[in-house]
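Take a look at the structure set out below.
Only heavy atoms go into these numbers, but all of them, side chains included; no hydrogens, no water, no symmetry mates. Chain letters run A, B, ... following the sequence lines, proteins first, then strands; residues in each count from 1. Just so it is clear, the structure is predicted and the values come from calculations on it, not from any experiment.
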2 protein chains.
Amino acid sequence: MARARIVDPEEGPRSKRGAILVAAVERFGEDGYENTKWSEVADRVGIGQTALYHYFESKAHCLLTIMRLELQRSHDMFVEATAGETEPVEELRVAVRAAFAVSDQEIRQMRILQANMSLLANPRKSKREETERVAARQLVQMVERDWTSLLMRGMAKGAFPVRDAHTLGLGVLGMIVSVWRWYRPTGAIALPEISEMIEGCVVRMIAE
Amino acid sequence: MARARIVDPEEGPRSKRGAILVAAVERFGEDGYENTKWSEVADRVGIGQTALYHYFESKAHCLLTIMRLELQRSHDMFVEATAGETEPVEELRVAVRAAFAVSDQEIRQMRILQANMSLLANPRKSKREETERVAARQLVQMVERDWTSLLMRGMAKGAFPVRDAHTLGLGVLGMIVSVWRWYRPTGAIALPEISEMIEGCVVRMIAE
DNA sequence: AAACAACCTGAGTTCAGTTCAGTTTGACTG
DNA sequence: CAGTCAAACTGAACTGAACTCAGGTTGTTT
């Protein structure tokens, strides 16, 4: 499985593209996209603002790239986690666990993704931005299909009661991703606890 | 119950405040906040752009007002719907139904609220904006408490298995509000069907 | 009809994002 | 090891949408 890494090995040795993405994830993740100046990202990387345009067409293009990479990762993790599983309830469980098995940087990326999801709705004027947007949209649909097809398989096998798999899948996904809105690593409740709680909820919701 | 109306009866007869809010809800709801020009709202109301500043300190102040009003409405509806109910499972059911008993304009307001939720995280520079932000934040906490205390009452009565009511409440709320990200009145599935589906999910999640 | 507050406007300002017209850097070639 | 080239970068200028300012208009009240 080719993981979606923020540092692309295809780049030249002098390239700061990866460093820009890492800095942008930090800033966008902490203060939010609108709240962070594009020039602050440049400062953090240690280059002038205009050098950013050597790597990204715009601030939005950088954001869309971050979102696309995170969606790719989410999809890949889902596929990897559920690959060997044939028992529907267990497949459901590992899928939920995979969704919460993330690093601190990935938490920030999920937060950025959730906070700016609506950016994917409207077309972009520039070509490269639009390419990233369309790719991200397709990945959103792919992740949705990951969940709905898991549910449909379980229903076909008789392990889950038959219900509208699409709406149900969106509900499960909605509950899972809503965590990234409020979860902070320094908060009162730890991620493994949340993961267990949600896992139980999802199983009761789907399998009973 | 004093409902949070977009047209405030306290205003002068010449005031266009309500008309601005209605126009802003339409534009922000359809194209998104960032994607709509503040001047387009003025055009729609039929006034010059600068006249907007007679009613709102800024574009963000208008958005925050819309969000606060919608949160107030959500809270009020929850309280109104669950007021007479004593049986925990039925209380849970009516709360979910109330969350989906909304007009088309309220759907747009929910969409705006969900899409711009992260705006409530960071302080605002201007005073009136900050007042609205803090009020909105408090209402978010109030709505969260509405759900968690409903769950805690049910657990205390032995109607629901005892679990972490706060995390569980946020999960339920997350699943419900995630609907406003993708639901469109013209879509393939109708709101009453979604409402029923979610109601069932929530009951299984909580009461089993 | 005078006074006044609410309501509105055109011209100008600001500032983050972006473009432009080049300059520097360093890897590779002959 | 000098020359070449693309990748990487820069300071100065531009853009456009949000916003400010210094007043003008409207309608209500007494």
Quick one: pull up [atom1] in [X] and [atom2] in [Y] and give me the separation to the nearest 0.5 Å.
| X | Y | atom1 | atom2 | result |
| --- | --- | --- | --- | --- |
| B:Arg181 | B:Met110 | CZ | CE | 11.5 Å |
| A:Arg108 | A:Arg184 | CZ | CZ | 10.5 Å |
| A:Leu151 | A:Arg153 | CG | CZ | 9.0 Å |
| A:Arg128 | A:Thr65 | CZ | OG1 | 8.0 Å |
| A:Leu64 | A:Thr131 | CG | OG1 | 10.0 Å |
| A:Ser39 | A:Lys59 | OG | NZ | 9.0 Å |

Listed partners of B:Phe160 passing ring pair (Phe, Tyr, Trp, His ring centres under 6.0 Å), at least two apart: none

Listed partners of A:Tyr33 passing ring pair (Phe, Tyr, Trp, His ring centres under 6.0 Å), at least two apart: A:Phe28

With sequence neighbours excluded, residues passing salt bridge (charged side-chain N to carboxylate O under 4.0 Å, His left out) with B:Glu90: B:Arg97

Hey, can you pull the donor-acceptor pairs under 3.5 Å for the side chains in residues 116-124 of chain B, sequence neighbours left out?
residue  : atom : partner  : partner atom : Å
B:Asn116 : ND2  : B:Ile112 : O            : 2.8
B:Arg124 : NH1  : B:Glu129 : OE1          : 2.7

End axis versus end axis in the helix from C:dA1-D:dT30 to C:dG30-D:dC1, the angle rounded to 10°, five pairs used at each terminus: 0°

Closest non-hydrogen atom pair, B:Ala81 against B:Val94: O-CG2, 3.6 Å

Strand-adjacent residues in residues 55-62 of chain A, judged by heavy atoms under 4.0 Å from DNA chain D: A:Tyr55

Within residues 32-50 of chain A: residues closer than 4.0 Å to DNA chain D (heavy atoms): A:Ile47, A:Gly48, A:Thr50

Span of DNA chain C, from the first to the last nucleotide whose atoms fall under 4.0 Å of chain A heavy atoms: C:dA16 to C:dG26

Residue that, paired with B:Glu70, satisfies side chain to side chain donor-acceptor pair (under 3.5 Å) out of B:Gln72, B:Arg68, B:Arg73: B:Arg73

Opening and closing nucleotides of DNA chain D in contact with chain B, under 4.0 Å to non-hydrogen atoms: D:dA17 to D:dG27

For A:Arg17, side chain to side chain donor-acceptor pair (under 3.5 Å) partners two or more places apart: none

Considering only distance and modelled atom types, tabulate donor-acceptor pairs under 3.5 Å from the side chains of residues 138-148 of chain A, sequence neighbours left out.
residue  : atom : partner  : partner atom : Å
A:Asp146 : OD2  : A:His75  : ND1          : 2.7
A:Thr148 : OG1  : A:Glu144 : O            : 3.2
A:Thr148 : OG1  : A:Arg145 : O            : 3.2

Can I get a per-line list of side-chain donor-acceptor pairs under 3.5 Å for residues 43-50 of chain A, giving both atom names and the distance, sequence neighbours left out?
residue : atom : partner : partner atom : Å
A:Arg44 : NH1  : A:Glu26 : OE1          : 2.5

